[in-house]
Amino acid sequence: MASIQPVVLFFVFGVLAGVIKSDLKIPEALYKSLSIFLLIAIGFKGGVSMAKYEIMEVLPVALSMVVLSALIPLTAYPILRYLGKFTQADAGAISAHYGSVSAVTFAVGVAFLAAKDEPSEGYMVLIMALMEIPALVTGTILARAGAGGEKTQWGKLMHEILTGTSLYLLVMGVIIGYYAGMVKLVSPLDKMFMDLFMGVLAFFLLEMGLLAAARLKVVAAKGVFIISFGVLFPMLMGAFGAYLGWIFGLSEGGTMLLAVLYASCSYIAAPAAMRLAVPDADPALSLGASLGVTFPFNIFIGVPIYWEMAHWFHSIAV
Amino acid sequence: MASIQPVVLFFVFGVLAGVIKSDLKIPEALYKSLSIFLLIAIGFKGGVSMAKYEIMEVLPVALSMVVLSALIPLTAYPILRYLGKFTQADAGAISAHYGSVSAVTFAVGVAFLAAKDEPSEGYMVLIMALMEIPALVTGTILARAGAGGEKTQWGKLMHEILTGTSLYLLVMGVIIGYYAGMVKLVSPLDKMFMDLFMGVLAFFLLEMGLLAAARLKVVAAKGVFIISFGVLFPMLMGAFGAYLGWIFGLSEGGTMLLAVLYASCSYIAAPAAMRLAVPDADPALSLGASLGVTFPFNIFIGVPIYWEMAHWFHSIAV
Amino acid sequence: MASIQPVVLFFVFGVLAGVIKSDLKIPEALYKSLSIFLLIAIGFKGGVSMAKYEIMEVLPVALSMVVLSALIPLTAYPILRYLGKFTQADAGAISAHYGSVSAVTFAVGVAFLAAKDEPSEGYMVLIMALMEIPALVTGTILARAGAGGEKTQWGKLMHEILTGTSLYLLVMGVIIGYYAGMVKLVSPLDKMFMDLFMGVLAFFLLEMGLLAAARLKVVAAKGVFIISFGVLFPMLMGAFGAYLGWIFGLSEGGTMLLAVLYASCSYIAAPAAMRLAVPDADPALSLGASLGVTFPFNIFIGVPIYWEMAHWFHSIAV
Amino acid sequence: MNNTIAMKRFEIVVGIEQLEKLTELLDRCSVRGYTVLKNAGGLGSLGIRDPGDVMMELENVMVVLACKEDQAQRVLDEIRPALKKLGGMCLISECQWVEGPAVSY
Amino acid sequence: MNNTIAMKRFEIVVGIEQLEKLTELLDRCSVRGYTVLKNAGGLGSLGIRDPGDVMMELENVMVVLACKEDQAQRVLDEIRPALKKLGGMCLISECQWVEGPAVSY
Amino acid sequence: MNNTIAMKRFEIVVGIEQLEKLTELLDRCSVRGYTVLKNAGGLGSLGIRDPGDVMMELENVMVVLACKEDQAQRVLDEIRPALKKLGGMCLISECQWVEGPAVSY
Ligand SMILES: Nc1ncnc2c1ncn2[C@@H]1O[C@H](COP(=O)(O)O)[C@@H](O)[C@H]1O
Ligand SMILES: Nc1ncnc2c1ncn2[C@@H]1O[C@H](COP(=O)(O)O)[C@@H](O)[C@H]1O
Ligand SMILES: Nc1ncnc2c1ncn2[C@@H]1O[C@H](COP(=O)(O)O)[C@@H](O)[C@H]1O
Ligand code: NA
Ligand code: NA
Ligand code: NA
């Protein structure tokens, strides 16, 4: 009954390497290659299992959960702006990060379920891919509404959001996986995108550990509020996600994954979009909170808690 | 009865990413690593299945097909020079590209056969590796014969051709695969070079799509003749290859692969050699045609057509 | 009854590519990625099989073999200093290289045993990881004792040794593998770290061949003594290692691996440490000997010889 | 120095996202040669840019350009107003062009 | 040239392991802008350094820096003694800074 | 500026396939120091070269070199005729070498 999976130990050793100043370095090209792999593989896996559903049956539910995720930045913003006393730009940018999702946290959640042999809905991946859109749009509006300065270039921003690498690769993976599932030609591709998934995730988490160690130092200097926010806000959103999942009748595994999506926050797509949309926000703040605090919290403590939440909701009624 | 394999969808999404100007980028080091992998793996696979033949039995047939492939540039040249009105340098360089082969197109052909469970001769790989030689030599002669300017440095050129990365890796793969097949030690290496083949091809096709999208734009500006050539000439050569394969008594699968070899054209070895041998040729032209037009044509439309051709020849007589 | 494994042919082709001046190049990022993979995978494998032992039972034996390995540089130094007439700095630095180990040579040894289906003790990996420490410390003392110049910065050096990439990744691999073995969650990670091991090793050996070809040229210019040393000293140490392994009651496979560890020499960790600790030593000399001479000798000739040695010792008494 | 031509040397540093605009501008000035060094980092009014930081993805390019005096004035007239949008830095110094076979200035 | 300010241009090459110390030194001189080019190689008193040699792992960085005369003197006074520890090379030349929107010197 | 030596600064850009010939040439002139920046691109008489274009594989290198006047004349005399074969560009400018512990010029 091991609650810590071997794969997350790679993250621990990455952090440790940063802390003890080991000269361990992951080549930039490897980091980028692994992240391309993970996004495609996550999408592909989801797409293959979506091939088992009538797509039109699940779409309304999936889209509802995407639309409702706009509530995340709307909740985060007032907390950050009025309790945290952040500038409008920073509060909006951080909201966008927390409304968005972390594919790697999701992957750790999937691995957690796999170790427990718990099934989940394949279309959670599609929700993940699409959740970026309301989060980044809402966050930008919050950051810019009424503010002076240059006008937001919405065309450019929407292009960045809709064609951004992570959304593109996830959706591509879903479509190809779905097609492969339909025509029953998953087989030679699964050797790469499914069998190697966990091993690639291990490497990636090692690098994430190195990156998080560097970020944590920076965010610690930004004060205790942002750290508390990085721990408490995901718990709140995780509970909200679990509640929604239960309401919408997802399986226990799916409920937990929705909680993970709501609780996790972005450190790839959101920073790129916010750099463009809210250049006056401080990226060290949002990245520090999401990568330095919330990401480690989620993969170690959050994921098991969200599982308990899902379990609890499913135990109250049939 | 799916005629489009999931793996070629990766190419489609690569092109699409280029068209919609997604910021998706494949790290250069990944692209090079994947191409090294594919060349070794293609060679290795071929070598392993060659271990089943008496090598001296197949060598004459294989070499004949290699020698006959010199007819490809000899056919292409007058068409390009007199119908297409290209300069001698350009006509020769393009001929060299079309006489040479594309290992990735070949790989798509192999995947097509695998999905149909059709066998083919392992030594087709050896033919592929060696076909570069007559093509590049003939193309250079055509480009330079009688032309003034600096003398062709044949020593340097032959060194470039014979030690060039793609020929070297293919031959190396064949030899190691052959040896491994003979001593029955294929086993731990196949986990890499066979099981992962399709997954690696998927990544590679994604990048090829990005590259082709960029090339197509350039070649489109060069006029309609080169685009027509890029579609019609491979069909002609594919038919010729299928005819030869049938004459030489290859299996249906082998016949189709020979058609693919004759029809496909190079975008890695040939550009490097032509840069050296025919520096006054315009690489945008030859690369644009081979990568922007013929490559996509072959993997989507050509491969199934060459299969039908092989089928047709084999149905006329026993 | 093949004595040469297919995987070492990749090394041969790497050397050949260097000799014939092929333009084959392995991207730097790939080389670094593969070496990270190999170190983790070697550690992981060892850790998984260590999970079968009572750790406290094997620790004393393992540590003894580590401590005794300090004899290697102590033997090498006088030979190099007084027979070879090298400077104190060079003799010390080369001693450090030969006292240390080569993870890839070890991997070739493991592959040799795997092809013979011979078992070995998993904790050999731990010995390998730790052997760097006495070798580098002893080598540095030999190089600097009594010498003038700047004082050795022991703090910095010990930090470099203890947090250096190879030691860190090996130990990390061992710990995660051990944990995964204990909680019985090896399964999804083994698809990466075990199944692909040989394929990755193949790529790595190809690059090692390229590197060795370049190094051999340099070391050849340094005279015949260092080349003889690079062949004979490993044989001596291999015999010593085999003797120790037999004394300590290791299995035949384990005895052979200990011989390999004692015989092999470092070309990654030691150069980095010596650059820091003995900057006045000539790295072309130590690297040339270890990578250009001893490494190829060991993987082709040494490994089978060490196996015979292990066999011979085990045949004298029960 | 013999066989050399007195010229102006421009050294321009901008964010890589501006490179296309910059080369278009140079094309408009009919510049016939320049050298591009990517993967640059640095410190400026917008803070630190480090291309090795995979999370931030901030990269500079340095463009070095040699041209004759009159051409230089044209480049300067075009680039000065453009710098407002491009950000970054532009230095001009004196140099001697060593005459070779090709004229790419 | 109009709208330009006469400045000094520093061009410093050191081993990458010294880069942190160098930027700290520049910070101490209150320098407000510089450009860093990594992955440099070269020949010097310590022999050849080639960042492409995976076994040797020797890499240089080039730091380019434009600043006003008074600032330049301060940088020179700091960097000259430090060069002893840093190794490497430091060149100074004249240049003109093209005035842009931001002042990062 | 005190403690500095007046020198010539060479800035040479050639295709990477010519780098070996160039460094051999510099060796022949007994040059004792230079810095090499690979992965450069650019525009010249032979068109655009972009090391990021994996299909074309065209890469430039920039070599920066500081040396004393007399040495400089020797380098110039050697490099001017060689440029015909090497292609590329060579600029010369004035600079001050900051005296450090090592003499690598
Ligand atoms: N005027 C110039 N200013 C800066 N770099 C140049 C100039 N002309 C040529 N170059 C560089 O030299 C390389 C080779 O030039 P070329 O041999 O004329 O094509 C080009 O790719 C540029 O990187
Ligand atoms: N004084 C300077 N010296 C050298 N490079 C500079 C200087 N000021 C700015 N830069 C470079 O120009 C880039 C953009 O500057 P900025 O737009 O002011 O942030 C910086 O990241 C530096 O690489
Ligand atoms: N005369 C020079 N011209 C250009 N670069 C130099 C010169 N001398 C040294 N360097 C650079 O400075 C680095 C360190 O020099 P050193 O510490 O003398 O080995 C060298 O690797 C070169 O990149
Ligand atoms: Na979220
Ligand atoms: Na062909
Ligand atoms: Na040893």
Select, from E160(B), K191(B), M182(B), the one with the greatest count of heavy-atom pairs under 4.5 Å involving chain C. K191(B)
If only atom types and distance count, is the side chain of S290(B) paired as donor or acceptor with the main-chain N or O of S266(B) below 3.5 Å? yes
Identify the heavy atoms of E121(C) and S251(C) that sit nearest to each other, and give their distance. OE2-N, 2.8 Å
Would you check if F106(C) and V125(C) make a side-chain contact, meaning some heavy-atom pair closer than 4.5 Å? yes
Test item: T140(B) side-chain N/O and L136(B) main-chain N/O as donor-acceptor pair under 3.5 Å: yes
Looking only at atom types and distance, does a side-chain atom of R144(B) sit under 3.5 Å from a main-chain N or O of G92(B), one as donor and one as acceptor? no
Between CZ on residue F197(B) and CE on residue M192(B), distance to nearest 0.5 Å: 13.0 Å
S102(B) backbone acceptor or donor facing S264(B) side chain under 3.5 Å: yes
Whatever's closer than 4.5 Å to a heavy atom in chain C on L162(B) counts as neither
Determine yes or no for a side-chain-to-main-chain donor-acceptor pair under 3.5 angstrom, with Y306(C) supplying the side chain and N298(C) the backbone. no
Please list, in residue-number order, every residue in residues 17-33 of chain C that has a heavy atom less than 4.5 Å from any heavy atom of chain B; write 'none' if there are none. A17(C), I20(C), K21(C), S22(C), D23(C), L24(C), K25(C), I26(C), P27(C), A29(C), L30(C)
What about F37(C) and F193(C), are their ring centers closer than 6.0 Å? yes
Interatomic distance, CZ@F295(B) vs CZ@R215(B), rounded to 0.5 Å, equals 14.0 Å
Looking at CG of L257(C) and CE of M128(C), how far apart are the two atoms once the value is rounded to the nearest 0.5 Å? 9.5 Å
Enter the distance from M256(C):CE to H311(C):NE2 here, rounded to the nearest 0.5 Å. 12.5 Å
For D282(B), the salt bridge (Lys or Arg N to Asp or Glu O under 4.0 Å) test, sequence neighbours excluded, returns K222(B)
Less than 4.5 Å to any heavy atom of chain C: does that hold for the side chain of L167(B), its backbone, both, or neither? neither
Using a 4.5 Å heavy-atom cutoff, which residues in residues 200-211 of chain C come close to chain B? V200(C), A202(C), F203(C), L206(C)
Return the option, out of I176(B), L169(B), L189(B), with the maximum number of heavy-atom pairs under 4.5 Å with chain C. I176(B)
Chain C neighbours within residues 39-50 of chain B, where any heavy atom lies under 4.5 Å away: I40(B)
The reported gap from CG in L185(C) to CG in D190(C) (rounded to nearest 0.5 angstrom) is 11.0 Å
Without swapping roles, check the side chain of E132(B) against the backbone of I161(B) for a donor-acceptor pair under 3.5 Å. no
